[in-house]
Amino acid sequence: MAEQRDLALYSIPAHRAFADALAAGLIRRFGDDPMRLARGLVLLPNQRAVRGLSDAFVRASGGALLLPRLVAIGDAALGEGLAAALDPADAAEPVPPAIVPLARRMTMARLVAQARARAGQPVDAAEALRLAGELSHTLDQLLVEEVPPARLRALEMTEQLSKHWERALELFKVVLDDWPQALRALGQIDLADRRNRLLKALGERWRAAPPAGFVCAAGISSAAPAIARLLRVVAGLPQGLAVFPDLAITMAEEEWQALGPLPPDADGRRPRPIETHPQFQLKLLLERMGVNRAEVTPWRDGGGHDASAARGRVIAEALAPAEFTARWSELPAAARRLSGVRAAVLANPAEEAQAIALALREALETEGKTAALVTPDRGLARRVAALLARWGVDIDDSAGRPLSILPPGTLLLALAEAAAQRFAPLALLALLKHPLVQAGEARLGWLEQVRQLDLALRGPRPAPGLAGIGTHLAGGEGRDVAVRRAAIRGWEGMHALLAPIEAVAAAGEQPLAGLIAALRDVAQALCGDGLWSGPAGRAAADLLADIEAQAPAGPAMIDPALLPQILRLLLEDVAVRPPQGGHPRLAIYGLIEARLQTADLTILGALNEGVWPAPAAPDPWLAPRIRAELGLPGVDRRVGQVAHDLASALGAPEVLLTRARRDARGPAIASRFWLRLEALTGGIVRDGQLEHWARTLDVPDDFAPEPCPAPVPPAALRPRCISVTEVDRLKADPYAFYARKVLKLAVLDAVDAEPSAAWRGTAVHAVLEAWAKEGGLDPARLIDLARAMLTAPGTHPLLRALWQPRLMEAINWIAEETVELASTGRRIVAAEVSGAIDLPGGVRLTGKADRIDRMPDGHLAVVDYKTGKAPSNAAVKQGYNLQLGLLGLIVERGGMAGLAELDSVVDTFEYWSLAKHDGRFGKVTSPVRDGRDPLPADQFTRIAADNLQEAIARWLTGDAPFTAKLVPEYAPYTDYDQLMRRDEWYGRGP
């Protein structure tokens with residue numbers, strides 16, 4: 001047994017660069033002999049700390065140096081790396097291997113699904129995987145804190161918690177009974193359990209036979225019992241030392257003891273510890289090590305990147321427990337001054353990212369200066385990286401990004417989503433347009449084919465499946481025929497690529513491995529080997545291979561519709577970190593990655609509540625009372641860890657704090673840490689120049705809005721044909737008419753659009769036309785035609801579900817109204833009939849009448865069906881909505897096909913509205929019969945003709961400009977507002 005000695009315990013304060021100070025101190029202590037330093041071992045919290053300390057040794061040595069062995073032990077996920085470094089092959093009792101994380105989740109998901117099925121609460125595979133992830137997280141917390149899961153059964157709950165706990169305990173039987181049996185069958189153990197055993201065995205070996213070289217545990221703040229025991233052993237080794245990050249050696253004893261854990265009071269109740277304090281975790285670590293704070297001494301070495309000790313004291317004061325903040329008002333100004341710290345408050349996250357990018361870019365102007373952004377907001381980090389690219393600066397985000405948002409991940413998700421949605425247009429086009437699909441020389445030709453398909457799929461959704469799209473492309477009429485025929489040529493190749501996964505998805509429930517294999521094969525066919533290249537591509541390939549290998553351990557059968565959910569869950573668990581290659585003096589860190597890092601300028605971004613710190617995630621399985629009974633950390637303890645990270649980052653030589661007043665959800669509240677710093681200091685110094693630059697960098701010096709457009713095309717380009725429905729557009733919004741008729745710019749329907757009013761109108765008109773041409777006197781036949789339209793494969797489900805009741809009531813009304821009028825001698829003579837007449841000036845007027853009836857007196861009636869409300873008489877008197885009169889003009893002048901032999905007098909003009917009026921659907925109105933001051937019926941066509949001739953003379957045969965929004969109250973449509981740049985001039989003065 002080695003001799004006992006005083007423990008070597010040290011603390012490096014926050015105002016010192018931890019890695020540089022540690023490297024300088026280790027070189028001073030052990031660097032007299034290069035091999036002595038090389039024989040040493042340094043235990044660190046994570047791999048980023050390993051890299052940071054390596055760089056610090058290089059800086060401190062000034063030349064060649066044999067580094068000690070650097071090993072990361074702080075993260076439970078690094079248990080296997082710890083085993084490779086510290087677990088000897090000849091150990092007397094080898095530690096069993098750890099179960100692979102994905103195998104663990106799959107197995108746990110199967111057990112959860114079986115347990116829920118036994119309880120009569122079956123869940124699908126995706127939900128089982130989600131629950132397995134949460135249950136595994138809770139199990140890991142128990143293992144890390146060395147709480148036997150069997151203690152869950154022994155808990156005594158109050159009446160209020162007993163029912164909830166009984167339900168939770170039913171599922172926890174998976175952890176208590178089924179999971180241990182599964183592990184025994186595999187001969188494996190949990191990763192956290194393996195790490196605990198390795199650390200325990202390591203401590204016992206070192207206690208019995210200390211290593212020949214020095215051992216230093218540095219920067220570790222985890223209070224896990226296994227780590228605390230190992231640090232106690234390290235600190236007691238002959239050449240051992242433990243160096244804590246910013247342990248508050250000088251904090252008053254009363255304040256230190258107030259952090260807790262506190263002894264029970266007279267009633268046996270234990271006061272809640274202040275787990276949100278940045279020192280609580282370190283205090284708990286010392287208690288579990290069995291040492292007193294007085295045994296810890298300051299680390300005397302510095303690293304050259306240090307801030308002032310005065311700032312460190314101000315930061316510690318700002319983060320003091322609430323009951324000790326009353327003394328702030330008595331502190332002198334020097335004790336409340338944050339020298340070297342400035343703040344920038346921006347309007348929104350985009351502006352905040354701009355300010356941070358400017359500050360990072362400015363740092364590069366000083367030779368050798370380093371700068372780093374520390375933020376938990378990965379969206380802000382991505383914005384900053386994108387903005388720095390404008391100056392050709394590449395920056396690494398060491399926190400990485402989820403595979404689910406990187407190109408290979410989004411491609412796999414898009415493919416799975418398209419198959420699950422049976423290739424609905426939006427999902428299909430999102431897949432086919434993905435940047436990885438057909439990348440390379442074939443990309444341009446592929447995109448042209450996809451563009452043709454995009455045009456053909458505009459409008460309501462076709463029938464489901466690849467066959468439904470093929471049928472949709474083979475149909476159509478008019479202009480649609482050419483568009484769809486063009487799309488068919490490319491669609492045949494696309495169909496062949498996608499058919500394998502459709503066949504697999506159509507097979508119903510099946511093993512997950514088969515679905516993943518089909519997904520991988522089709523993705524390979526679409527993208528080639530480029531899909532699997534780069535760090536993200538390799539991560540995607542590895543994940544799919546792992547899923548295939550571990551899928552048999554999970555739920556036996558998977559519904560293909562759940563594949564997107566399952567895949568997203570697993571992709572989000574994979575973080576892809578960039579390879580080294582960014583700018584050597586700039587970095588972006590997450591909170592964990594920033595620990596022990598050093599930079600001349602440290603920017604702390606997104607200091608808003610809900611981001612820094614993030615809201616404490618409630619434990620879905622263990623209530624706070626239960627966690628306390630078990631001795632698990634409270635859900636708020638992470639706030640204390642974040643506060644410690646903040647205090648450490650504030651120790652940089654130069655610090656910039658940033659926040660945005662608003663985020664995507666609305667006004668944002670400053671972080672509690674920001675507010676504490678403001679309250680103590682009376683206000684952090686604002687960097688007004690940086691705020692100004694961020695606001696104005698992309699704002700032009702002079703903004704000259706475009707005037708209202710009023711093009712004046714030559715006479716040869718002015719249209720000589722106009723339909724009755726275009727006259728209103730010409731008079732109210734001449735520019736929209738110009739864009740449509742002269743520029744030939746037609747508005748495209750949205751992809752997978754919900755049925756618009758125009759689409760519904762077209763569908764109803766087609767039904768009424770077919771009925772009228774069959775005689776128009778059989779109500780039952782009209783209802784049959786309407787139902788056939790609603791049940792057709794191409795009819796949108798929303799239309800079928802929501803519009804069917806009102807449509808059928810309106811259709812019944814039309815049938816009843818038509819039959820009743822027929823009994824008076826009125827009959828339908830034409831439906832959906834087109835016509836045209838030539839007008840003076842060489843202009844041709846065209847139109848299509850929904851219906852023309854012959855009245856009992858032999859005169860004619862023009863009927864226009866409206867699925868909405870009919871136009872008002874006020875608009876007609878203003879010279880608008882004269883469509884009925886213009887159709888009557890065409891009829892009277894013999895322009896309607898097949899009606900020349902009939903009496904040409906038109907004196908009845910009616911709108912048949914299918915909208916709801918007075919509690920029922922359907923109403924007949926007329927501009928020459930209804931209203932307070934109806935127009936004379938015998939003059940209606942003449943009034944319409946005069947208005948038309950005036951418009952023709954002004955714009956079609958004249959030289960008047962096509963002014964945008966000339967009469968805005970009769971120009972409600974916004975189809976061409978962007979083209980006319982409406983927002984730049986509308987409402988402005990002359």
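Residues: numbered from 1 along the sequence shown.
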When you check the gap from the basic side-chain N to the acidic O, do [X] and [Y] get nearer than 4.0 Å?
X	Y	answer
Arg51	Asp55	no
Arg637	Glu275	yes
Arg59	Asp20	yes
Arg130	Glu127	yes
Arg288	Glu145	yes
Arg229	Glu146	yes
Arg577	Asp396	no

**OP:** Using the six-membered ring of Tyr10, assess whether NZ or CZ of Arg16 lies under 6.0 Å from its centre and within 45 degrees of the ring axis.
**Re:** no
Subject >> Cation-pi check, Arg29 onto Trp299 ring (under 6.0 Å, within 45° of axis) >> reply: yes
If you draw a 6.0 Å radius around [atom1] in [X], do more than 12 non-hydrogen atoms from other residues or ligands fall strictly inside?
X	atom1	result
Asp529	CG	no
Arg638	CZ	no
Arg293	CZ	yes

Original post:
Are the side chain of Arg194 and the backbone N or O of Pro96 linked by a donor-acceptor pair below 3.5 Å?
Top reply: yes
**OP:** May I ask you to decide if Val123's main-chain N or O and Arg116's side chain share a donor-acceptor pair within less than 3.5 Å?
**Re:** no
